[in-house]
Amino acid sequence: MNPLARARHLLARRPWLYWLAVGLLAGTAAFAVLAVVGDVDAARRAWGDDRPVLVAMGEIEPGEPLQGRVEVRSRPGPAVPPSALSALPAGATARQHVAAGEAIVALDVAAGPGPQALIPEGWLAVAVREVVPTGVAAGDRVGAVSGGVVLADDGVVVDATAEAVLVAVPAADAPTVAAAATSGDLALLVVP
């Protein structure tokens, strides 16, 4: 007799064997699901407690106010940067470009509006009148060159108007950059 036919005949005469097999399979599946859920809970506990952090709701450009453009979200503790903010200071503006979904850290926030708030601590700003406009905007990284010599390789544009570009450079480089800017022999190099 065919083994499949013999098994069907056995199960037809003893239905409790069929239900025993169904119960064993269901119990095995339930045990596997419980094991996976336990692993997920253990992994969640390993991440630690959630911490509230400010997160950008959309793209934020340098100099734009942060009010209404960020929200508080809970993130796992290890995923939150040490300098992340959980509350927004009054009148805060973006010091640099912030991507959508990015946590807001102390370096992203300027104390208030205006170009002065965008100048990094320990830096000074120099007004540069460009002979050939580079088209830079607030937040762009630039270098300053005069006569083929690099005067400041690390600078950031804090304001740009039709008359001049206000460039923040490290305080040690500021006097040389200012001297070259007043002589009219200064060019800005746009850093990618």
Side-chain angles (χ1 to χ4, degrees), residues 51-75 78-192:
R51 288 185 40 207
V53 62
L54 287 175
V55 176
M57 294 187 299
E59 300 286 323
I60 302 173
E61 296 300 322
E64 290 183 354
L66 295 175
Q67 188 66 39
R69 304 191 63 158
V70 296
E71 65 183 2
V72 177
R73 293 187 188 162
S74 288
R75 296 270 169 94
V80 176
S83 62
L85 301 178
S86 59
L88 192 62
T93 59
R95 176 173 282 148
Q96 57 192 358
H97 176 83
V98 180
E102 185 177 341
I104 306 294
V105 296
L107 291 175
D108 294 334
V109 179
Q116 291 81 3
L118 301 178
I119 301 171
E121 193 166 327
W123 288 30
L124 299 172
V126 177
V128 176
R129 186 178 302 262
E130 293 185 290
V131 177
V132 179
T134 57
V136 293
D140 289 347
R141 292 281 186 198
V142 295
V145 174
S146 178
V149 177
V150 176
L151 303 177
D153 59 354
D154 190 21
V156 63
V157 176
V158 294
D159 194 23
T161 64
E163 294 81 34
V165 175
L166 191 59
V167 179
V169 295
D173 298 333
T176 333
V177 172
T182 56
S183 71
D185 186 30
L186 182 74
L188 296 178
L189 302 174
V190 180
V191 177

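Keep in mind that the numbers below use all heavy atoms, side chains included, and drop hydrogens, waters and symmetry copies.
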Legend entry - Shortest non-hydrogen contact from A103 toward V53: CB-CG2, 4.0 Å
Legend entry - Nearest heavy atoms of E102 and D108, plus distance in Å: OE2-OD2, 4.2 Å
Inset, instruction - To the nearest 0.5 Å, tell me how far E130 CD sits from L188 CG. - result: 4.5 Å
Legend entry - Candidate list V167, L189, V156, test side chain to side chain contact (heavy atoms under 4.5 Å, CB included), partner V142, passing option: V167
Legend entry - Expected output: side-chain D173 to main-chain P170 donor-acceptor under 3.5 Å: no
Inset, instruction - Using atom types as modelled and distance alone, determine if a side-chain donor or acceptor of S146 lies under 3.5 Å from a backbone N or O of D185. - result: yes
Legend entry - Residue pair A138 / P62: nearest heavy atoms and the distance that separates them: O-CG, 3.4 Å
Inset, instruction - Take L88 and L54, measure what side-chain contact (heavy atoms from CB on, under 4.5 Å) needs, and give me the verdict at the end. - result: CA-CA 8 Å; L88 192 62; L54 287 175; 4.0 Å; yes
Inset, instruction - Kindly indicate whether the side chain of V109, heavy atoms from C-beta on, has any atom under 4.5 Å from the side chain of L66. - result: yes
Inset, instruction - Measure the spacing between OG of S86 and CZ of R51 and express it to the nearest 0.5 Å. - result: 8.0 Å
Legend entry - Nearest heavy-atom neighbours spanning I60 and A94: CG2-CB, 3.6 Å
Inset, instruction - Could you tell me whether E163 and R129 have a side-chain N and a carboxylate O separated by less than 4.0 Å? - result: no
Legend entry - Over all atoms of both residues, closest heavy-atom pair of R73 and V55: NH1-CG1, 3.6 Å
Legend entry - Rounded distance (nearest 0.5 Å) linking atom CZ of R141 with atom NE2 of H97: 13.5 Å
Legend entry - Pairwise side-chain contact, L166 with V157, heavy-atom cut-off 4.5 Å (strictly under): no
Legend entry - E61 atom CD: more than 12 heavy-atom contacts under 6.0 Å: yes
Legend entry - Heavy-atom donor-acceptor pair, R69 side chain to E59 backbone, under 3.5 Å: yes
Inset, instruction - Check A56 against V98 and note the closest heavy-atom contact, atom names and distance. - result: CB-CG1, 3.7 Å
Inset, instruction - Inspect the surroundings of CG in D154 and state if more than 12 heavy atoms from other residues, nucleotides or ligands are less than 6.0 Å away. - result: yes
Legend entry - Distance, nearest 0.5 Å, that separates CG of D140 from CD of Q96: 12.5 Å
Inset, instruction - Compare all side-chain heavy atoms of L151 with those of V145 and state whether any distance is below 4.5 angstrom. - result: no
